[in-house]
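Step one of this worksheet: look at the structure below.
Both backbone and side-chain heavy atoms feed into the values below; hydrogens, waters and symmetry mates do not. Just so you know, these numbers come straight off a predicted model, no measurement behind them. In what follows, chains carry the letters A, B, and so on, assigned in the order in which the sequence lines appear, proteins first and then strands, with residues in each chain numbered from 1.
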Number of protein chains: 4
Amino acid sequence: MALTGTRAERKQARPREILQAAFEEFSLRGYAATSVEHIADRVGVTKGTIYVYFSSKENLFESMVSELAQPSIDSSFYLSALYRGAAIDTLTAFLRDLYKAMVQDRYMSEISRFLVAEANSFGDLRRKYREAFALPVLATVQAIVEHGCETGEFRGEAADLDPFLLISPLLGLNVARHIDPEFKVATEQFVEQHILFIRYFLEKRGTGR
Amino acid sequence: MALTGTRAERKQARPREILQAAFEEFSLRGYAATSVEHIADRVGVTKGTIYVYFSSKENLFESMVSELAQPSIDSSFYLSALYRGAAIDTLTAFLRDLYKAMVQDRYMSEISRFLVAEANSFGDLRRKYREAFALPVLATVQAIVEHGCETGEFRGEAADLDPFLLISPLLGLNVARHIDPEFKVATEQFVEQHILFIRYFLEKRGTGR
Amino acid sequence: MALTGTRAERKQARPREILQAAFEEFSLRGYAATSVEHIADRVGVTKGTIYVYFSSKENLFESMVSELAQPSIDSSFYLSALYRGAAIDTLTAFLRDLYKAMVQDRYMSEISRFLVAEANSFGDLRRKYREAFALPVLATVQAIVEHGCETGEFRGEAADLDPFLLISPLLGLNVARHIDPEFKVATEQFVEQHILFIRYFLEKRGTGR
Amino acid sequence: MALTGTRAERKQARPREILQAAFEEFSLRGYAATSVEHIADRVGVTKGTIYVYFSSKENLFESMVSELAQPSIDSSFYLSALYRGAAIDTLTAFLRDLYKAMVQDRYMSEISRFLVAEANSFGDLRRKYREAFALPVLATVQAIVEHGCETGEFRGEAADLDPFLLISPLLGLNVARHIDPEFKVATEQFVEQHILFIRYFLEKRGTGR
DNA sequence: TATGAATGAGACTTCATTCAT
DNA sequence: GATGAATGAAGTCTCATTCAT
């Protein structure tokens, strides 16, 4: 931890430092097995200092998730793009961006792990995730597919598609990497294959080429 | 817990009863937040009794996973089937069975959650899972696809496919249900769509029939 | 603490041992300033042991009061005595017994101190004390005085007497001894003077003689 | 806290403001359960400021008691009055004034509670209270009674009276109100009854008039 | 085998106090 | 003088584990 700056600057930076450290420690051991002291040690302060900024371990955890989990997906952007081009292009762009936001982004990726591990204990987390992320993403996919069907760009059968099917590989990839970091999937390539896969199904003549 | 049988029989059954109870409790709260007493209470014995059968909480957890996580997937079965029919049929059967084993089976489904939550703390679990489940499954998929390519049943491009892409939706489905049990996916239908999806990509003329 | 007896016997005696120790320590320092460890040390066990028997420090304190505060005053006894003799004799007997129960009894005496010190924090204590002790005692005094007036044994003016005035010296004595144990009042004599005092006021001809 | 006056004036007033706030907070929760921050908050300053004026929490508490506990009873006044009138009148005046000083005065009343609660921990308090209040009061009562006996105004038996008996109802009243504020005694009337009571005993012919 | 009282290490949290600004 | 960030000691409570019975 940088010991530079005036006291005022240090103070300003403290909350974020703590959230960062909390993120690392919670990621490593999970909520219950991480002690506030672990986090304090990582920041280089004492336990008491943590409580100057956060009222409880629970509050620290939730603040950490709120602060670091910033899903950078803006549904309206993709939907508006629909009127300027092919649905498949919008969908492709959306999936690539979703990949960046869900899999590549270290925070979001890890937070999806917290969700699996702690959602039972942190009902709020589940609710926030659903409302701020899961539902909008699914609605967007659904809308794009429907639009593609209406314009005749996609097969009729596509209309019955569960939108979660188009998302699930990303979630699966995420989880696989959490379960076993050594199990290296060529992730970039994985998404492109995933997209290609989708095109074969959705587009009227198999692959778009 | 069935209260039937002689005392001797019940004693015989004790270890399994304990593992069952451990499963329920660990599922509910996670490893760290579950106390040995929770488990003892559920079985109807005292904490001390747990230690008659298991040397430690860790050992109990690991035993529970080993005992209850019995992936009922036999790779050799599907591989041998390849010589008696179409690759797509083998693959279809395999995926359906994998769905049963991974998603429908309560134990395996929950254990995949444990893996996400605790793999960092239980390195052995990760290793076992990889060796006993992940790698064989991926190898089987890979083999089936390769066979389909060789016999000309599948497109040439299929050879480059990452086999994990074919599995990932199941993993994603599993996890989604853990994150949010209220997020109801029509799971049976989900798998069939998933299979159909794959056929469009793999088979030479879109969906075969 | 006696380290004798079988384990079973020791276990049986534990709760009372702990309550005793709690009484001594709480008396010495007050609720907030007494740590559970002080109490455990006095019993000769570790902190954890206390929590085997009591769910919290608060519960321990309340249990201690409930267990040790047994006001041995039975109102009905004095009231029934009224029909067999002079009101002044009943009153005298009552006050002497009240003195024994309030001032001489070490537990009740100390508990009145807890009430002064902690009633704000332990509302239940206040309620119990009022219902189980204060109100019955005052009602009894009131009844005896009224009876004496009706039979003509006491002056008419006595009817307007606040019964608390007859009790208050005992409460005052109690408190004085708490404030300053070195301030030695000749307590036995104090009560007899107090009774004499009352007779002068109540009885028609000054002192009963 | 009045927010008037120049800054300099307010600074001047700080110590007293703090003592006032300390009084309120300590009254509410007792010494141990009151945190310095509670007090600071009430004054509208930060914890650190408290330590500008007081060296420790203990010192603050003791200063508060010293500052606010100003028994407004001047023994010599009553003793000198003896030579100008009847002993019973002096005693009556004394008891009424004592009532004002002990029971009606909010500070003294509350401080007597602190004494009960904390005298064990604050030996100094006990000593001060004894020397500055208890002993002088008792000595005064004693002197008045003796004087009344000598002049023949009081019965001979009065000489053996424990002076504390004449004071104890006030102490008892005080404490009763602390134990249970809902237990409403008609306090003004209580004292007058108490005085009447005393006259019956002390004066040669029951109540004098 | 089974019990459950007891332990002791460690968790979260509070708070009087200090000190650089 | 005033601040408030930081500390560190201590307090309440939990729990995996042991062991005499």
Can you tell me the pairing partner of dT21(F) across any strand shown, Watson-Crick or G-U wobble, with both distances under 3.5 angstrom?
dA2(E)
Gap between atoms CD and P, on Glu17(B) and dA2(E) respectively (whole Å)
10 Å
Can you label the angle between the Phe114(B) ring and the Phe26(B) ring as parallel, tilted or perpendicular, going by 30° and 60°?
perpendicular
Quick one: label Thr34(A) by what it contacts on the DNA or RNA (base, sugar-phosphate, nothing), any heavy atom closer than 4.0 Å.
sugar-phosphate
Once you apply a heavy-atom cut-off of 4.0 Å, does Ser35(B) come out as touching a base, just sugar-phosphate, or nothing?
sugar-phosphate
Phe61(D) CZ to dA16(E) P, in whole Å, measures 14 Å
Residues Arg106(C), Glu24(C): salt bridge by 4.0 Å N-O rule
yes
Counting distance alone, no hydrogens or angles: does the base of dT13(E) have a donor or acceptor under 3.5 Å from a partner atom on the side chain of Lys47(A)?
yes
Give me the ring orientation class for Phe23(B) and Tyr107(B): parallel if the planes are under 30° apart, tilted from 30 to 60°, perpendicular past 60°.
perpendicular
Quick one: Leu60(B) CG to dA16(F) P, roughly how many Å, whole number?
10 Å
Any chance the side chains of Lys128(A) and Ser66(A) put a donor and an acceptor closer than 3.5 Å?
yes
Which residue lies toward the 5' end of DNA chain F, Val36(C) or Val36(B), if each is placed at its nearest nucleotide?
Val36(C)
Rounded to the Å, how far apart are Ile18(D) CD1 and dA2(F) P?
8 Å
Re dT13(E): Watson-Crick or G-U wobble partner, both distances kept under 3.5 Å, found to be dA10(F)
Under-4.0 Å salt bridge between Arg16(D) and Glu67(D)
yes
Hey, which of these two, Val45(C) or Ala32(A), hits DNA chain E nearer its 5' end, going by closest nucleotide?
Val45(C)
Ser55(D) vs Thr46(B), nearer the 5' end of DNA chain E by closest nucleotide
Thr46(B)
Need one value for Thr49(B): base, sugar-phosphate or nothing, where a base atom within 4.0 Å counts as base even if backbone is also close, heavy atoms only.
base
Specify the separation, in whole Å, of atom CD1 of Ile50(B) and atom C1' of dC15(F).
14 Å
Whole-Å gap separating P (dT14(F)) and NE2 (His38(B))
11 Å
Mind calculating the distance between NZ (Lys57(B)) and P (dA16(F)) to the nearest angstrom?
4 Å
Would you say dC19(F) has OP1 or OP2 under 4.0 Å from some side-chain N or O of Tyr51(B)?
no
Would you mind reading off the distance between Asn59(B) atom CG and dA16(F) atom P, rounded to a whole angstrom?
14 Å
